[in-house]
Amino acid sequence: MIAVEQLYKRFGKNEVLKGIDLKVDQPGVYAILGPNGSGKTTLIKAILGMVIPNKGEITVNGNNVSKSPVYRQDIGYLPQIANFPANLTVKEIIRMIQDLRNSTPDTGQLIEWFGLQPFLDKKLNTLSGGTRQKVNLVLTLMFDSPLIILDEPTSGLDPVALLKLKRLIRHEREAGKTILITSHIMSFVEEMADEIIFLLEGRIHFRGSVHALKEKTHTHDFEKAIAKTLTLNDSYV
Amino acid sequence: MFKILKYSFYDLMRSRWSYVYLLFYLALGFVLLFLNNDLSKGVITLMNVIVILVPLIGTIFGVMYYYNSREFTTLLLALPLKRFTIFIGQYLGVGLSLSFSLLIGLGIPFASYGLFQSDAVGQFSLLLITGVFLTLIFTAISFSIALYNDNKIKGFSYAILLWLIMAVIYDGVFLMTLVVFEEYPLDNFSILATLLNPIDLSRILILLKLDISALLGYTGAIFQGFFGTGAGMVVSLSCLALWVILPCMNMYRKARVKDF
């Protein structure tokens with residue numbers, strides 16, 4: 001599905017990715033973790049073609065990312081900060097994104113799931129942060145894309161919406177999709193992730209299941225296990 | 001591209017600022033015609049406003065729109081669309097909606113004052129054409145500048161600085177050069193210097209269509225000899241078009257390699 005080979009990226013003097021090799025070919029939920037500035041967002045953006053790598057190659061479903069934008073037809077992406085044109089209503093933005101992707105899936109179920117019906121005719125700049133995030137989730141998930149990339153999906157969501165999101169992610173996983181998630185909420189990651197890809201200083205420091213990470217670090221607490229990987233020098237890859 | 005254009009245009013057409021801009025031109029047009037009571041004189045006054053104000057508005061709107069829609073652009077970039085399509089679509093959305101405000105805002109007052117029965121039609125259309133060109137030019141330049149600068153304040157400052165240079169400083173330097181080198185033949189130099197600045201070029205083009213061009217004296221005669229001819233007109237309009245195309249090509253170049 002996704003194959004990243006020897007990926008290098010620097011911003012000025014700051015070398016963010018230092019040779020990432022990553023292969024994701026099984027469906028499931030993959031959590032990309034790492035401390036601030038470890039290159040999580042850069043890696044995701046490189047897969048999406050937003051960041052142009054200095055070296056290395058990325059292919060998604062066999063298509064080279066740098067060649068043509070068509071491969072993004074298979075990706076649903078939820079950006080970290082959602083900001084929409086202020087003068088459009090929720091209904092209009094949904095229709096607009098559908099129009100831009102040349103596909104008109106049924107959104108009724110998703111809209112109902114997140115309780116967005118009362119907001120459909122409201123302008124986007126009048127919505128609260130959490131409601132905007134829900135709209136954003138609808139925009140990302142409505143296309144039934146085989147690859148879903150969620151950058152901080154939990155931000156701004158109330159507990160009820162968070163529960164619904166979790167259920168939705170599980171549902172997508174069961175449908176055989178590949179889901180990449182970055183999140184700072186460790187309990188969320190522990191609950192959802194099949195596999196963890198831990199980035200540290202631009203390299204993959206650990207890759208494996210939550211259970212494997214706990215075993216390696218001899219802890220039962222996931223947060224402590226993560227903290228422990230940061231203090232250990234040797235890599236577990 | 002047309003889809004992005006459509007949505008940007010639609011978004012802007014519903015924003016308050018487009019209406020403010022439109023109402024400003026409506027008011028300006030009616031007030032000028034009411035005070036002058038003469039279409040030709042109205043065109044002269046309008047020209048002075050247009051050659052300064054249109055580039056400024058184009059610059060500010062262009063930069064503001066780019067920075068305000070940055071996060072939304074990120075969302076678009078994740079869709080199966082070519083990068084240049086996104087930026088050129090947004091640019092044309094801004095440029096065309098501003099142009100429409102200009103055309104409608106000035107067109108209505110002049111048309112209602114009997115423009116089509118008068119001989120000022122030619123002058124007025126030239127005024128609108130250069131107005132549209134200036135809008136497209138300065139929106140393109142400001143978009144280009146914004147693409148190079150992720151820092152909003154810097155991008156804004158550079159764009160405004162460029163406007164200041166084109167609208168004010170360029171003329172000062174031009175004039176100084178003419179004074180300092182007055183002993184030398186400056187015909188070709190002044191024509192070239194005018195061609196290189198879209199604001200000056202627009203001003204001269206409109207002036208030459210008006211009766212007051214006689215007041216320009218010897219310089220006016222040189223300009224008339226070049227810009228007044230059909231070939232001169234073609235060269236001038238091509239120059240204006242080039243001023244639109246070059247920043248667009250620059251946008252294409254930068255959009256291909258930029259990280260978002």
Side-chain angles (χ1 to χ4, degrees), chain A residues 9-12 16 41-42 44-54 60 63 66-89 92-93 95-103 123-125 132 135-136 139-140 143 145 147-151, chain B residues 1-22 61 64-91 93-94 97 101 147-152 252-260:
Chain A
K9 178 67 195 176
R10 58 163 75 238
F11 294 106
V16 182
T41 302
T42 308
I44 283 183
K45 285 190 168 176
I47 294 172
L48 285 161
M50 287 181 198
V51 163
I52 317 271
N54 297 105
V60 174
N63 300 306
S66 59
K67 294 272 152 52
S68 148
V70 182
Y71 76 96
R72 291 201 282 268
Q73 197 77 45
D74 297 335
I75 303 179
Y77 169 59
L78 177 92
Q80 214 167 39
I81 315 162
N83 208 341
F84 306 113
N87 298 303
L88 295 178
T89 64
E92 281 164 345
I93 187 108
R95 232 179 271 150
M96 167 181 169
I97 299 288
Q98 289 180 341
D99 185 24
L100 288 171
R101 282 183 71 145
N102 288 322
S103 142
K123 282 196 175 179
L124 287 154
N125 56 352
R132 242 184 263 189
V135 174
N136 209 359
L139 294 179
T140 310
F143 290 107
S145 323
L147 175 59
I148 298 169
I149 300 178
L150 307 172
D151 202 354
Chain B
M1 181 181 100
F2 289 107
K3 280 181 185 169
I4 305 266
L5 194 169
K6 186 177 83 187
Y7 288 112
S8 291
F9 184 80
Y10 188 53
D11 178 38
L12 277 162
M13 270 301 162
R14 291 166 73 180
S15 96
R16 198 160 26 118
W17 289 108
S18 294
Y19 288 111
V20 171
Y21 191 51
L22 175 72
F61 260 73
M64 256 177 24
Y65 188 82
Y66 177 87
Y67 286 122
N68 274 347
S69 56
R70 211 159 26 169
E71 283 100 10
F72 182 63
T73 308
T74 320
L75 195 80
L76 292 180
L77 282 165
L79 299 179
L81 301 167
K82 281 206 182 98
R83 281 184 170 197
F84 183 58
T85 313
I86 296 172
F87 290 106
I88 203 78
Q90 287 185 339
Y91 154 64
V94 180
S97 76
S101 295
L147 258 177
Y148 275 91
N149 294 285
D150 279 334
N151 185 333
K152 241 187 223 187
Y252 174 71
R253 223 169 45 94
K254 185 64 188 166
R256 256 184 32 199
V257 295
K258 191 176 160 64
D259 296 320
F260 290 92

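Lettering of chains follows the sequences in order, A, B, ..., and the numbering in each one begins at 1.
With a 6.0 Å radius and a threshold of 12 heavy atoms from other residues, nucleotides or ligands, Tyr252(B) has its OH atom at or below the threshold. Summarising the local packing, NZ of Lys82(B) is surrounded by 12 or fewer heavy atoms from other residues, nucleotides or ligands at distances under 6.0 Å.
Using a 4.5 Å cut-off on side-chain heavy atoms (C-beta onward), Ile93(A) and Phe72(B) make contact. Within the 4.5 Å cutoff, the side chain of Leu100(A) has heavy atoms near those of the Leu76(B) side chain. Asp259(B) is not listed as a side-chain neighbour of Lys45(A), based on a closest heavy-atom distance of 4.5 Å or more.
For the side-chain contact (heavy atoms from CB on, under 4.5 Å) criterion with Leu75(B), the lone passing option out of Thr140(A), Asn136(A), Leu78(A) is Asn136(A).
Only the backbone of Val70(A) comes within contact range of chain B, with heavy atoms under 4.5 Å apart. Neither the backbone nor the side chain of Ser69(B) comes within contact range of chain A; no heavy atoms are under 4.5 Å apart. For chain A, the nearby part of Lys258(B) is the backbone; its heavy atoms alone come within less than 4.5 Å. Using a 4.5 Å cut-off between heavy atoms, Phe143(A) does not touch chain B at all. Heavy atoms closer than 4.5 Å to chain A are found in the backbone of Arg256(B), but not in its side chain.
By number of non-hydrogen pairs under 4.5 angstrom with chain A, the leading residue of Leu77(B), Asn68(B), Thr73(B) is Leu77(B). Interface check for chain B: of the options Ile97(A), Leu48(A), Asp99(A), Asn102(A), the most heavy-atom pairs under 4.5 Å are formed by Asp99(A).
The heavy-atom pair separating Leu81(B) from Pro69(A) by the smallest distance is O-CB, 3.5 Å. Taking all atoms of both residues into account, the shortest heavy-atom contact from Arg72(A) to Leu79(B) is NE-O, 2.9 Å. Closest approach of Gln73(A) and Pro80(B) over heavy atoms only: OE1-CG, 3.2 Å. In plain terms, the two heavy atoms of Met50(A) and Arg83(B) that are nearest each other are O-NH2, 2.7 Å.
Here the straight-line distance linking atom OH of Tyr77(A) with atom OG1 of Thr74(B) works out to 7.0 Å at 0.5 Å rounding. Atom-to-atom distance recorded for Ile4(B):CD1 and Met96(A):CE is 6.0 Å, nearest 0.5 angstrom.
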